[in-house]
Amino acid sequence: MMTDIHQYLAELDDIPGTRVYTAARARKGYHLNQFCMSLMKPENRARWKADEAAYLADWPLTDDQRAAVLARDYNRLLDLGGNIYFLAKVFSTDGLSFVQAVSTMTGMSVADYQAMMLAGGRSPQGVRSIREGN
Amino acid sequence: MARITNGLATSHVPAIGVAMDLGKTDEPYWQPLFAGYDWTRQWLAQTKPDVIILVYNDHASAFDMKIIPTFAIGCGERFKPADEGWGPRPVPDVIGHPELAWHIAQSLILDEFDMTIINEMDVDHGLTVPLSACFGALPEWPAKVIPLAVNVVTYPPPTGNRCWALGEAIARAVASFPEDLNVQVWGTGGMSHQIQGPRAGLINREWDNRFLDGMVGDSDHLRRIPHIEYLRETGSEGIEMVMWLIMRGALGPATRALHRHYHVPASNTAVGHIILEPVT
Ligand SMILES: [Fe+2]
């Protein structure tokens with residue numbers, strides 16, 4: 001059976017605190033994500049660490065994207081089309097683990113976030129749907 | 001003839017690989033997780049699969065945003081562990097089975113699954129962590145591996161129903177390969193996890209365990225779980241569980257479970273693991 005694409009996409013935007021990596025986000029973030037990908041190469045990582053702003057100047061990013069990368073504002077980067085697996089190249093180059101970087105998006109300290117995970121994680125109760133509030 | 005003897009599913013959390021590579025598996029944080037793989041290591045040593053068709057997803061390692069294949073099959077001779085930004089994992093190269101892989105690729109295309117064929121690529125934690133968890137740290141992997149990469153990053157990923165049907169087609173392709181081979185299909189990724197946004201850290205133990213229950217016996221209802229349910233109930237990265245349905249589809253109408261394990265957390269993730277046998 002064929003899924004209605006408009007309904008499908010509308011539902012993806014109905015999850016609290018979540019930016020699903022849709023085609024629209026992928027288009028907006030294309031160069032941002034490709035910039036992140038360039039940090040897979042050690043020689044690029046060295047150049048990036050030496051002068052982040054100069055390195056970014058080689059990539060056709062928007063001013064907002066540039067500012068959010070320099071500020072390591074990961075929630076903002078998700079809004080600007082970044083995908084977490086690509087953004088991971090930036091925080092890995094910073095020496096951060098997934099837990100350390102991911103916790104910055106939740107408004108919790110790393111210690112509080114880790115304690116939440118050890119206690120079984122965040123409950124889905126109340127954060128399934130914006131519309132339904134469940 | 002080649003035959004699919006078993007299916008196996010496991011999460012592929014990168015931190016599991018890091019814990020093994022750094023010798024931390026006996027630490028209190030990791031010990032209960034690895035305990036769930038002890039049975040598996042003994043069982044694999046006894047059952048000795050010749051080839052593993054390993055369903056996984058690439059996490060911006062071999063594929064960037066330039067090309068996004070929905071279903072891709074690795075037909076090369078060998079695949080190196082990817083450098084994911086902190087150097088490649090110190091694990092053996094993955095040895096392919098080009099003859100069976102090309103046979104499956106050709107059969108699938110004639111069976112109306114339009115596969116992308118990969119001759120050269122590096123494989124990331126999505127593929128190497130399941131091998132490490134299930135076999136342990138070894139100087140070489142005891143089975144040939146055919147990587148089967150699924151896009152679950154850029155939306156939409158394939159539907160659960162399509163994944164199941166691909167599994168069925170893989171089973172038909174394997175059954176027509178003339179050499180006598182013991183083939184397993186592994187589905188990897190999941191279980192509940194979300195690693196982005198303010199909702200990060202979501203875990204749904206009840207949903208995950210219902211999904212594990214559903215893998216056993218007649219699993220037909222799992223084909224109809226829509227993407228939005230995985231996302232709402234198990235976190236944005238819980239969508240990886242559609243890949244388990246390729247494995248389940250390959251096993252036929254009914255299964256029995258040989259082993260099952262569930263543990264929270266590994267880093268941001270709920271770890272699930274199950275070994276299945278087709279019931280004929
Ligand atoms: Fe994954």
Side-chain angles (χ1 to χ4, degrees), chain A residues 1 3 5 8-9 11-12 14-23 25-26 29-31 33-34 36-37 39-42 45 74-75 78 82-89 91-93 95 97-99 101-103 105-108 113-114 116-118 120-124 127-129 134, chain B residues 13-15 18 29 57-66 68 82-87 122 124 126 152-157 159 161 192-207 224 226-229 231-239 264-270:
Chain A
M1 84 226 98
T3 299
I5 188 169
Y8 178 92
L9 294 175
E11 282 193 310
L12 297 184
D14 179 53
I15 307 171
T18 304
R19 281 80 155 180
V20 180
Y21 191 59
T22 54
R25 290 202 174 89
Y30 182 79
H31 294 293
N33 290 317
Q34 293 297 90
C36 294
M37 200 69 192
L39 298 178
M40 295 279 279
K41 294 207 171 78
R45 290 199 287 270
Y74 289 105
N75 279 329
L78 294 172
N83 172 274
I84 193 63
Y85 293 119
F86 290 82
L87 298 174
K89 314 304 176 196
F91 65 67
S92 296
T93 302
S97 72
F98 266 93
V99 164
V102 166
S103 63
M105 290 180 260
T106 63
M108 302 169 81
Y113 182 83
Q114 269 173 324
M116 175 182 79
M117 294 316 299
L118 276 171
R122 182 189 306 282
S123 165
V127 289
R128 292 181 172 93
S129 162
N134 63 348
Chain B
V13 189
V18 175
Y29 181 92
N57 67 290
D58 180 82
H59 308 76
S61 304
F63 306 127
D64 58 14
M65 287 307 294
K66 284 184 189 163
I68 307 166
D83 180 346
E84 299 183 49
W86 50 88
D122 292 344
D124 73 9
V152 291
V153 174
T154 304
Y155 276 70
T159 65
N161 187 50
S192 48
H193 63 305
Q194 173 153 340
I195 58 169
Q196 53 119 332
R199 201 178 74 139
L202 187 130
I203 300 285
N204 192 338
R205 183 180 281 272
E206 290 73 27
W207 198 100
R224 275 167 277 281
H227 290 161
I228 189 69
E229 181 174 337
L231 291 164
R232 290 194 199 282
E233 296 289 340
T234 73
S236 48
E237 279 62 57
I239 191 67
V264 178
S267 175
N268 300 282
T269 306

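The model shown is predicted, which means the values in this text are computed figures rather than measured ones. In what follows, chains are A, B, ... by sequence order, proteins preceding strands, each numbered from 1.
Looking only at heavy-atom pairs under 4.5 Å with chain B, the residue among A:Q114, A:M105, A:M108 that has the most is A:M105. When each of A:A23, A:A26, A:G107, A:S129 is checked for heavy-atom pairs under 4.5 Å with chain B, A:S129 comes out on top. The residue among A:P124, A:A88, A:S103, A:S97 with the most heavy atom pairs within less than 4.5 Å of chain B is A:P124. When the candidates A:N134, A:L118, A:L9, A:I5 are compared by the number of heavy-atom contacts under 4.5 Å with chain B, A:L118 comes out ahead.
In this structure, the side chains of A:V102 and B:Q194 stay at 4.5 Å or more apart for every pair of heavy atoms. Residues B:N204 and A:R128 form a side-chain contact, since some pair of their non-hydrogen atoms from C-beta on lies under 4.5 Å apart. Contact check for A:Q34 versus B:D64: side-chain heavy atoms found under the 4.5 Å cut-off. A 4.5 Å side-chain heavy-atom check between B:M65 and A:F86 finds at least one atom pair inside the cut-off. Taking the side chain as every heavy atom from C-beta outward, B:L202 and A:V127 approach each other to under 4.5 Å. Between B:N268 and A:Y113 there is a side-chain heavy-atom pair separated by less than 4.5 Å.
Between atom CG of residue B:L231 and atom CD1 of residue A:I15 there is a gap of 4.5 Å, rounded to the nearest 0.5 Å. To the nearest 0.5 Å, the span separating CD1 on B:I228 from OG1 on A:T3 amounts to 12.0 Å. With rounding to the nearest 0.5 Å, the separation of OH in A:Y85 from CG in B:D58 is 10.5 Å. Atom CD1 of B:I239 sits about 16.0 Å away from atom OH of A:Y21, to the nearest 0.5 Å. Separating the NE2 atom in B:H59 from the CD1 atom in A:I84 is a distance of 12.0 Å, to the nearest 0.5 Å.
The aromatic rings of A:Y8 and B:Y155 sit tilted, their planes meeting at an angle between 30° and 60°.
Heavy atoms only, all atoms of each residue included: B:I203 and A:G121 are closest at CG1-CA, 3.7 Å. The shortest non-hydrogen separation linking B:R232 to A:E11 is NH2-OE2, 4.0 Å. Considering all non-hydrogen atoms of both residues, A:M117 and B:T269 come closest at CE-N, 4.3 Å. Scanning all heavy atoms of the two residues, the minimum distance from A:T18 to B:Q196 falls at CG2-NE2, 3.8 Å. Taking every heavy atom of both residues into account, B:S61 and A:K89 meet most closely at OG-NZ, 4.4 Å.
Between the side chain of A:R19 and the backbone N or O of B:G197, no donor-acceptor pair lies under 3.5 Å.
Both the backbone and the side chain of A:F98 come within contact range of chain B, with heavy atoms under 4.5 Å apart. A:R45 touches chain B through its side chain: at least one heavy atom from C-beta onward sits under 4.5 Å away, while N, CA, C and O do not. With a 4.5 angstrom heavy-atom cutoff, B:P226 does not touch chain A via any of its atoms. Using a 4.5 Å cut-off between heavy atoms, A:M116 touches chain B through its side chain atoms alone. In this structure, chain B has heavy atoms under 4.5 Å from both the backbone and the side chain of A:L12.
The salt bridge (charged side-chain N to carboxylate O under 4.0 Å, His left out) check on B:E84 picks up nothing, with sequence neighbours excluded.
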